[in-house]
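One structure below.
Note that ligands are numbered from 1 as they come in the structure, with each ligand's atoms numbered from 1 the same way. Remember, predicted model here, so these are calculated numbers, not experimental data. We count residues from 1, following the sequence as given.
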Amino acid sequence: MRQFVFEDITSEEVARRTGVYTPLTDSVRQLLDAAIRTEVDPDTIRAAGELIDRATAMLRSAQTDGPHGVRYTADGTGMPWGNPAIGIRNAIAPPMVVTRDGDRLVADVVLGAAYEGPPGLVHGGICALLLDHILGEAASAMTGTLTLRYQRATPLGAVHLEAEVVATAGRKLTVRGSMSDADGITVTAEGIFIAPRLTMTERPDDREGP
Ligand SMILES: CCCCCCCCCCCCCCCC(=O)SCCNC(=O)CCNC(=O)[C@H](O)C(C)(C)COP(=O)(O)OP(=O)(O)OC[C@H]1O[C@@H](n2cnc3c(N)ncnc32)[C@H](O)[C@@H]1OP(=O)(O)O
């Protein structure tokens, strides 16, 4: 299995790259929303498609052979930039910004048209994605079993997520969490997460070839 990948860069370089990639991802996110909601005529759609294809070719002129990978620096700063929940280089990510509040991890996210399942409501798989991520980050472990209870539908718009480790038994962590809107909890989650036997073992010389 491909492991975490060490990258020997300074925090200033991480900040510089963040400043370069974040606006690009925001633009792509806007593009996703516009592609869903546009009502322009077919000629304009075709012209926009050609422009987008040109931009895609520009970006593809130099790219990695595979996914971005989960990279980290010497001071432990993680760069999970392709992650679909939090990745700053992934326009699919809302993005969710996770912070710590005492023993809990919390996040506030706005979910727009790209996350619609039933009309006007958040797709259940998106709820699962975001809850899996925040519970997994609380455990720093791999999802073994994740159980969700969709108590009521989640309207598109602002949602709040929480997660907390409630029990630990060896490498097994039980984590509980929830998603809520302004009126209260919409989804509850409980998961068993399994901590890996080894983490962050790979140095650049250990990487698998492409
Ligand atoms: C590389 C690591 C990164 C981690 C650092 C994270 C960094 C933080 C930021 C990222 C956050 C990401 C957040 C999203 C999280 C995902 O998206 S992870 C991706 C989705 N999950 C997967 O693909 C997991 C696939 N499954 C597997 O890889 C393996 O089956 C597992 C879950 C790692 C377990 O394998 P294992 O370590 O060999 O476990 P094993 O020794 O058989 O069993 C150990 C114990 O766990 C129990 N167990 C095993 N499997 C399960 C299960 N599925 N359900 C419940 N209990 C289980 C066993 O019964 C046993 O219990 P005890 O007998 O000790 O009581």
Check this for me - ligand 1, Ser140, N or O atoms closer than 3.5 angstrom, yes or no? no
Under a 4.0 angstrom heavy-atom cut-off, which atoms of ligand 1 come close to Gly144? 52 (C), 53 (N), 54 (N)
I'd like to check whether Ala195 has a polar contact with ligand 1, where a contact means an N/O of the residue lying under 3.5 Å from an N/O of the ligand. no
For Asp103, does the CG atom have more than 12 heavy-atom neighbours from other residues, nucleotides or ligands under 6.0 Å away? no
Can Ile192 be reached from Leu135 by stepping across I, L, V, M, F, W or Y side chains whose heavy atoms are under 4.5 Å apart? no
Test side chain to side chain contact (heavy atoms under 4.5 Å, CB included), reference Ile134, set Ile86, Val175, Leu161, output is Leu161
Option with minimal heavy-atom separation from atom 62 (P) of ligand 1, where the choices are Arg197, Lys172, Met142: Lys172
Less than 4.0 Å is my threshold; does some heavy atom of Pro196 fall inside it relative to ligand 1? yes
Is Thr145 touching ligand 1 with its side chain, its backbone, both, or neither, if touching means heavy atoms under 4.0 Å apart? both
With Val106 as partner, the option from His160, Glu164, Arg100 fulfilling side chain to side chain contact (heavy atoms under 4.5 Å, CB included) is His160
Can you tell me which residue among Leu146, Thr174, Thr145 is in a side chain to side chain contact (heavy atoms under 4.5 Å, CB included) with Glu190? Thr174
Applying salt bridge (charged side-chain N to carboxylate O under 4.0 Å, His left out), run through Arg17 and Glu13 and close with a yes or a no. CA-CA 6 Å; Arg17 292 187 193 181; Glu13 177 58 11; 2.8 Å; yes
Which one of Ile194, Thr143, Asn83 has a non-hydrogen atom at the shortest distance from atom 49 (C) of ligand 1? Ile194
